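Worksheet for the structure shown next.
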2 protein chains.
Amino acid sequence: MADQIESELLRGSMDLMVLSVLAQSPKYGYLLQKALSDNSQQQIKLSAGTMYPLLHRLEEAGLVSSRWDDSTGRRRKWYELTAKGRKKLVKQAELWQQYANCINRLLTEIKLVIPAPATQS
Amino acid sequence: MADQIESELLRGSMDLMVLSVLAQSPKYGYLLQKALSDNSQQQIKLSAGTMYPLLHRLEEAGLVSSRWDDSTGRRRKWYELTAKGRKKLVKQAELWQQYANCINRLLTEIKLVIPAPATQS
DNA sequence: ACCCGATACATTGGCATGCGATGCATTGGA
DNA sequence: TCCAATGCATCGCATGCCAATGTATCGGGT
């Protein structure tokens, strides 16, 4: 335990977010963008150029499965978590917690050094 | 307020960590590695191939200043935060908090969907 | 009838980051 | 005498993020 934190988390934290949003319910790309935006108070935007390659990676890794829906005029590709994806999500979530705790501990220490900023606006 | 979170934070969170460790006291590279490792319960390793380019970037950005010390047998390059660096650190720390809160909120929601893992070990 | 923004998929190219591998030099202890 | 630790640095690869771009459909306003 207390292994070294995989830096994969730093770069690929978008993966974690996408997996967690998909865990709530299956979604197609465009809907995923909206959902992530909504769930983050419009703070996190997932651009198409980031999302589609990401989804393809997740699928290739077997973490999500996709299915086309042509029943409506709009061609939609629905993605949903696989069992493997859920496992991965749980694991990544734990790693994230570890990582966040580390950073928070560091930031807590610097507050002792750096005077609190005048919190205006 | 509630601006979109700069993804810079995801990729460059090493910057934040280095700045925060340097905020405690000036350090040279090798010492910085040890300090970061210690402050993170050996969870975060900063490889030389990551650190030195990073320090050079920070210096070029005016966030840290460096000074060679040849008084001992070991040639050491000491780095310390500049005023600009401290400002940046405070700002980045705030952004990190926002980001972490977003992720945590997402992860909290999935706990309602995914059964809690049997916490063994 | 027409236009245009929203919806919906996707790729491409540039840029930055993280890091293993490698290199060089010195110090100090076994 | 040798080797690990100390201490700096660069290079090249893999990867990720994203703006720009492309294609196509739908629906509402005029």
Side-chain angles (χ1 to χ4, degrees), chain A residues 4-19 26-38 40 43-61 63-64 66-79 92 95-96 99 102-103, chain B residues 4-19 26-38 40 43-61 63-64 66-79 92 95 99 103:
Chain A
Q4 181 177 346
I5 289 179
E6 304 170 20
S7 69
E8 183 191 328
L9 258 187
L10 324 194
R11 336 189 35 120
S13 56
M14 275 295 183
D15 292 26
L16 178 59
M17 290 190 265
V18 166
L19 289 177
K27 291 176 181 64
Y28 56 91
Y30 196 79
L31 208 153
L32 176 64
Q33 284 183 311
K34 303 298 178 192
L36 185 54
S37 179
D38 289 349
S40 68
Q43 284 183 106
I44 295 173
K45 302 293 185 185
L46 182 55
S47 74
T50 298
M51 180 181 61
Y52 290 112
L54 194 162
L55 284 172
H56 298 163
R57 282 201 306 274
L58 292 179
E59 184 171 19
E60 186 157 17
L63 304 178
V64 303
S66 70
R67 182 174 45 83
W68 281 103
D69 174 21
D70 294 315
S71 67
T72 66
R74 306 275 189 198
R75 281 185 84 235
R76 286 163 179 165
K77 199 171 180 181
W78 289 81
Y79 290 90
Q92 289 298 99
L95 287 176
W96 161 260
Y99 178 63
C102 273
I103 303 274
Chain B
Q4 181 178 347
I5 289 180
E6 303 169 23
S7 68
E8 186 190 326
L9 257 188
L10 326 193
R11 336 189 35 122
S13 56
M14 275 296 183
D15 292 26
L16 178 59
M17 290 191 266
V18 166
L19 289 177
K27 291 175 181 63
Y28 56 92
Y30 197 78
L31 208 154
L32 176 64
Q33 285 184 309
K34 303 298 178 192
L36 185 54
S37 179
D38 288 348
S40 69
Q43 284 183 106
I44 295 174
K45 302 294 184 183
L46 183 54
S47 75
T50 299
M51 181 182 61
Y52 289 112
L54 195 163
L55 284 172
H56 298 162
R57 281 201 307 274
L58 292 179
E59 185 172 19
E60 185 157 18
L63 304 179
V64 302
S66 71
R67 184 174 43 82
W68 280 103
D69 173 21
D70 295 315
S71 66
T72 66
R74 307 274 189 200
R75 279 186 86 236
R76 287 163 177 163
K77 198 171 180 182
W78 289 80
Y79 289 90
Q92 289 297 100
L95 287 176
Y99 177 64
I103 303 275

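Below, each value reflects all heavy atoms present in this structure, side chains not excepted, and no hydrogens, waters or symmetry copies. Quick note on labels: first sequence line is chain A, next is B, and so on, each numbered from 1. Here the structure is a predicted model, which is why all the values come from computation and not from measurement.
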Under 4.0 Å between a side-chain N/O of A:His56 and OP1 or OP2 of C:dC9, yes or no? no
Kindly indicate, with the supporting measurements, whether the criterion side chain to side chain contact (heavy atoms under 4.5 Å, CB included) is fulfilled by B:Ile103 and A:Trp96. CA-CA 9 Å; B:Ile103 303 275; A:Trp96 161 260; 3.3 Å; yes
Closer than 4.0 Å, any side-chain N/O of A:Thr50 to the OP1 or OP2 of D:dC17? no
Closest heavy-atom contact between A:Ser66 and A:Glu59? OG-OE2, 2.6 Å
In residues 67-77 of chain B, what residues come within less than 4.0 Å of DNA chain D, judged by heavy atoms? B:Trp68, B:Arg74, B:Arg75, B:Arg76, B:Lys77
Here the distance between atom C1' of D:dC17 and atom CG of A:Leu36, to the nearest Å, is 14 Å
In degrees, rounded to 10°, what is the bend between the two ends of the helix from C:dA1-D:dT30 to C:dA30-D:dT1, using five pairs at each? 10°
Among C:dC9, D:dG7, D:dT6, which nucleotide sits nearest the side chain of B:Lys34? D:dT6
A:Gln33 CD to D:dC18 P, in whole Å, measures 11 Å
Enclosure of B:Arg57 CZ (heavy-atom neighbours >12, cutoff 6.0 Å): yes
Specify the separation, in whole Å, of atom CH2 of B:Trp78 and atom C1' of D:dC8. 15 Å
For the pair made of NZ in A:Lys27 and C1' in C:dA8, what is the distance, rounded to whole Å? 17 Å
Nearest-0.5 Å distance that lies between atom CG in A:Leu95 and atom CD in B:Gln43: 9.5 Å
So how far is it from B:Asp15 CG to B:Leu55 CG, rounded to the nearest 0.5 Å? 9.5 Å
Distance-only, no hydrogens or angles: does the B:Thr50 side chain make a donor-acceptor pair with backbone N or O of B:Leu46 under 3.5 Å? no
Minimum heavy-atom separation for B:Ala48 to B:Pro53, with atom names? O-CD, 3.8 Å
Looking at C:dC19, D:dA19, C:dT11, which one has an atom nearest to any side-chain atom of B:Met14? C:dC19
Residue pair A:Ser13 / B:Tyr99, side-chain donor-acceptor N/O under 3.5 Å: yes
Which sits closer to the 5' end of DNA chain C, A:Leu31 or B:Leu46, going by the nucleotide each is nearest to? A:Leu31
Which heavy atom in A:Ser71 sits nearest to a heavy atom in A:Asp69, and how many Å separate them? OG-OD1, 2.7 Å
Gap separating the OH atom of A:Tyr28 from the NZ atom of A:Lys34, nearest 0.5 angstrom: 10.0 Å
Looking only at the side chain of A:Tyr52 (C-beta and beyond, no hydrogens), which of the listed nucleotides C:dT11, D:dC8, D:dA9 gets closest? C:dT11
Side-chain atoms of A:Tyr30 come closest, of D:dA5, D:dT10, C:dA8, to C:dA8
Rounded interatomic separation in angstrom, taking CG from A:Leu55 and C1' from C:dT11: 14 Å
Rounded to the nearest Å, what distance is computed from the CZ atom of residue B:Arg57 to the C1' atom of nucleotide D:dT10? 14 Å
Hey, which sits more toward the 5' end of DNA chain D by its nearest nucleotide, B:Met51 or A:Gly49? B:Met51
How many Å lie between CG on A:Leu16 and P on D:dG16, as a whole number? 14 Å
Quick one: B:Leu54 CG to D:dA9 C1', roughly how many Å, whole number? 14 Å
